[in-house]
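What follows is a short report on a single structure.
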Amino acid sequence: MSITSVRGFNDILPGESELWRHIEETAWSVFRTYGFSEIKLPIVEKTELFLRSIGETTDIVEKEMYTFIDRHGDSVTLRPEGTAPAVRAFIERKLHTAPVTRLYYTGPMFRYERPQKGRYRQFYQLGAEVFGEESPRADAETLSMLMRFFGKLGVEGARLEINSLGDRNCRPAYKERLYNYLKERTGDLCENCLKRIDANPLRALDCKVPGCIEATREAPSILDSLCEPCAGHFEAVRRFLGLSGISPVLNPRMVRGLDYYTRTTFEITADTGLGSQNAVAAGGRYDSLVSELGGPDTPCFGFAVGIERLALIMKGAAPRKPLTVFVALGDEAVLKGVELVAAWREAGIRVVEDFSTGALKSRMRKADRLNADFAVILGDNELKAGTVTIKDMRKAEQADIEWDRAAGAISGGE
RNA sequence: GUGGACGUGGCUCAACGGUUAGAGCACUGGACUGUGACUCCGGGGGUUGGGGGUUCGAAUCCCCUCGUCCACCCCA
């Protein structure tokens with residue numbers, strides 16, 4: 001075997017890359033209508049950024065990061081997610097001088113996990129972050145933007161679940177209540193949850209071990225423990241979502257794997273095609289992260305979409321411009337063809353010229369294999385007449401068209 | 001990181017430990033010397049993922065390794 005790619009690192013080949021481009025272009029066109037601008041972020045950041053933002057006891061930090069010592073002796077990490085770098089840039093580049101900053105980004109993320117369908121070591125996310133909006137309307141509007149994006153792509157069977165994790169004021173008290181509740185039932189919990197009780201008791205809530213599900217069935221709900229402002233915020237988010245025609249499923253047991261979330265969190269899951277990797281998009285509010293990383297107090301809301309997973313559940317294919325294959329028969333036709341093909345491309349038409357000289361039959365077969373919409377033939381007869389034979393490969397019809405009218409016949413009506 | 005299933009032409013898959021590892025699709029040439037998708041005939045294409053072992057003999061059995069998929073963990 002010759003050299004292969006690294007485990008969990010894939011090539012996105014033609015046939016699939018068109019769909020990716022369509023996803024990204026659709027995202028950009030939708031996000032722009034909500035006032036977002038693109039930010040291009042580096043792929044490598046100082047390791048400390050992720051330790052301090054994602055949280056030292058999270059799975060990502062504990063076992064999934066691609067961390068290296070560079071030649072200077074600094075510890076750097078291939079970004080496992082996009083929010084932390086975006087926040088770093090927001091603070092470092094002083095973007096807070098604008099009243100509101102809305103950013104989107106796309107690109108590869110890296111996590112050292114065992115690959116599975118819809119889960120890779122290098123995977124792609126498309127994300128958006130709103131900086132400086134405390135209003136629950138920001139949560140609702142950003143979520144409805146995401147739903148609109150999914151709708152435009154023809155995603156079906158997506159399910160939106162939301163929860164509120166409270167904030168610095170009310171979450172500690174809830175943690176305490178939950179901790180005490182769990183302490184009473186340590187005999188029923190799995191090994192994993194026993195370890196989690198002290199570091200992050202909330203994680204026991206979404207454990208899938210039957211014993212833990214049973215043991216936490218009667219556990220206090222975080223939604224009952226929210227302080228006045230957090231409860232009001234959450235209620236407003238739901239009200240505004242309703243006004244946008246979105247009715248999320250309330251899931252008080254949903255706990256995200258990153259430490260920086262406050263108040264609203266959400267997850268969009270797909271019910272088909274992804275096995276247990278069914279989370280397609282997720283995000284939430286992180287009102288304390290910017291200040292914790294040394295920036296001014298800035299409430300934020302953001303999300304990330306997994307592009308591989310999105311591509312897997314999409315029904316519609318990428319839109320496609322018609323393709324023309326040009327076939328010149330004879331030396332003179334080749335020369336004239338140079339001129340014609342150049343003019344068509346200038347007009348934005350996709351043209352591939354068949355450079356081979358074999359039997360027309362095999363060249364037509366080639367055009368068919370290239371999935372051409374039209375085959376354009378220029379031979380001696382056409383040269384004399386100043387025309388070209390245009391065959392519509394789908395309808396199996398053909399006609400002779402004058403040179404200066406050919407572009408119109410193969411442009412696909414654009 | 002744990003457990004399991006599976007790796008055979010480009011693709012989908014056959015072949016009980018026993019001749020030269022086959023078939024369909026795809027590719028290519030011809031029937032048809034300017035017309036694809038149908039039909040018929042011919043042709044090319046393999047280190048059976050890689051390495052080691054058992055055996056007179058290994059695609060087949062054993063070990064190691066790499067990879068894919070599934071479940072768990074967790075997540076996009």
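Numbered from 1 within each chain, the chains take letters A, B, ... in sequence-line order. Fair warning: this is a prediction, and the values are worked out from it, not measured in the lab.
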With heavy atoms under 4.0 Å as the rule, sort A/A367 into base, sugar-phosphate or nothing. nothing
Distance check, P atoms only: B/C62 and B/C70, in whole angstrom units. 25 Å
Which letter, B, S or -, goes with each nucleotide of nucleotides 24-34 of chain B from 5' to 3', with contact meaning a protein heavy atom under 4.0 Å? ---SSS--B-B
Separation of B/C74 atom P from A/K117 atom NZ, nearest Å, is 22 Å
Among the candidates B/A76, B/C73, B/A37, find the nucleotide nearest to the side-chain atoms of A/D59. B/C73
Here the distance between atom P of B/C74 and atom CD of A/E81, to the nearest Å, is 18 Å
Could you state the atom-to-atom distance from CD of A/E24 to C1' of B/A76 in whole Å? 14 Å
Ion pair check, A/D74 and A/K46, cut-off under 4.0 Å: no
Looking only at the side chain of A/R203 (C-beta and beyond, no hydrogens), which of the listed nucleotides B/C70, B/C74, B/A37 gets closest? B/C74
Base, sugar-phosphate, or nothing: which does A/A396 touch, judged by heavy atoms less than 4.0 Å apart? base
Using a heavy-atom cut-off of under 4.0 Å over every strand shown, decide if A/L258 touches base, sugar-phosphate, or nothing. sugar-phosphate
Can you tell me how far C1' in B/A59 sits from the matching atom in B/A15, rounded to whole Å? 9 Å
Kindly indicate whether a cation-pi arrangement holds for A/R263 with A/F234, taking the cut-offs as under 6.0 Å to the six-membered ring centre and within 45° of the axis. no
Indicate yes or no for a side-chain donor-acceptor contact from A/R79 to the backbone of A/I43 under 3.5 Å, with no hydrogens or angles considered. no
Centre-to-centre under 6.0 Å for A/Y120 and A/F9, is that the case here? no
Phosphate OP1/OP2 of B/U68: any A/R119 side-chain N/O under 4.0 Å: no
I'd like the P distance from B/C38 over to B/A76, given in whole Å. 47 Å
Looking only at B/G36, B/C69, B/C74, the nucleotide nearest the A/Y120 side chain is B/C69
Does A/K336 pair with A/E332 as a salt bridge, N-O distance under 4.0 Å? no
B/G36 P sits how many Å from A/D373 CG, rounded? 18 Å
How far does the C1' atom of B/U39 sit from the matching atom of B/G9, given to the nearest Å? 26 Å
Please measure how far the C1' atom in B/G67 lies from the corresponding atom in B/G42, and state the result in whole Å. 38 Å
Ignoring hydrogens and angles, tell me if any N or O in the side chain of A/D139 forms a donor-acceptor pair with the backbone of A/T142 under 3.5 Å. no
Whole-Å distance between B/A37 C1' and A/R394 CZ? 11 Å
Between A/R137 and A/E141, is there a side-chain N and carboxylate O pair less than 4.0 Å apart? no
Counting only side-chain N and O atoms of A/Q116, is one of them less than 4.0 Å from OP1 or OP2 of B/A71? yes
Looking at A/F240, is A/R238 sitting on its ring face, NZ or CZ under 6.0 Å from the six-membered ring centre and within 45 degrees of the normal? no
Using the ring centroid of each side chain, check whether A/W20 and A/Y124 are separated by less than 6.0 Å. yes
When only distance counts, do a donor and an acceptor, one from the side chain of A/E113 and one from the base of B/A76, lie under 3.5 Å apart? yes
Just call it for A/G8: base, sugar-phosphate, or nothing, with non-hydrogen atoms closer than 4.0 Å on any strand. sugar-phosphate
Whole Å only: how far is the CG atom of A/L370 from the C1' atom of B/A37? 14 Å
Hunt down the Watson-Crick or G-U wobble partner of B/G36, both distances under 3.5 Å, from any strand shown, or write none. none
State the pairing partner of B/U54; accept Watson-Crick or G-U wobble contacts with both distances under 3.5 Å, and report none otherwise. none
Between A/F90 and A/F131, is the gap from one ring center to the other below 6.0 Å? yes
Between atom CZ in A/F110 and atom C1' in B/C74, what is the gap in whole Å? 19 Å
Can you tell whether the side chains of A/E267 and A/R159 come within less than 4.0 Å, N to carboxylate O? no
Side chain of A/Y112 only, heavy atoms from C-beta on: which candidate in B/C74, B/G1, B/A76 is closest? B/G1
Assuming nearest nucleotide by heavy-atom distance, tell me which of A/A282 and A/M393 is located more 5' along RNA chain B. A/M393
Given that both distances must come in under 3.5 Å, which nucleotide forms a Watson-Crick or G-U wobble pair with B/C69? B/G4
Considering only the C1' atoms, how many Å lie between B/G53 and B/A58, rounded to the nearest integer? 11 Å
Using atom P of each nucleotide, how far apart are B/C13 and B/C69 to the nearest Å? 15 Å
Taking any strand in view, what nucleotide pairs with B/A23 in a Watson-Crick or G-U wobble way, both distances under 3.5 Å? B/U12
Whole Å only: how far is the CZ atom of A/F374 from the C1' atom of B/A37? 17 Å
Nucleotides 2-6 of chain B: which of its N/O atoms have a protein N/O under 3.5 Å away?
from	atom 1	to	atom 2	distance (Å)
B/U2	O4	A/R114	NH1	3.1
B/G3	O6	A/R114	NH2	3.0

Residue A/R7, side-chain atoms from C-beta onward, closest of B/U35, B/C75, B/U68: B/U68
Residues A/D167, A/R171: salt bridge by 4.0 Å N-O rule: no
Rounding to an integer number of angstrom, what distance separates B/U33 and B/U48 when you compare their P atoms? 42 Å
Where the side chain of A/E64 is defined as all heavy atoms beyond and including C-beta, which of B/G36, B/C75, B/C74 is the nearest nucleotide? B/C74
Salt bridge present between A/R350 and A/D373 (N-O < 4.0 angstrom): no
Would you please determine if the base of B/A76 is stacked by A/Y124, with stacking meaning a centroid separation under 5.5 angstrom and planes under 30 degrees? no
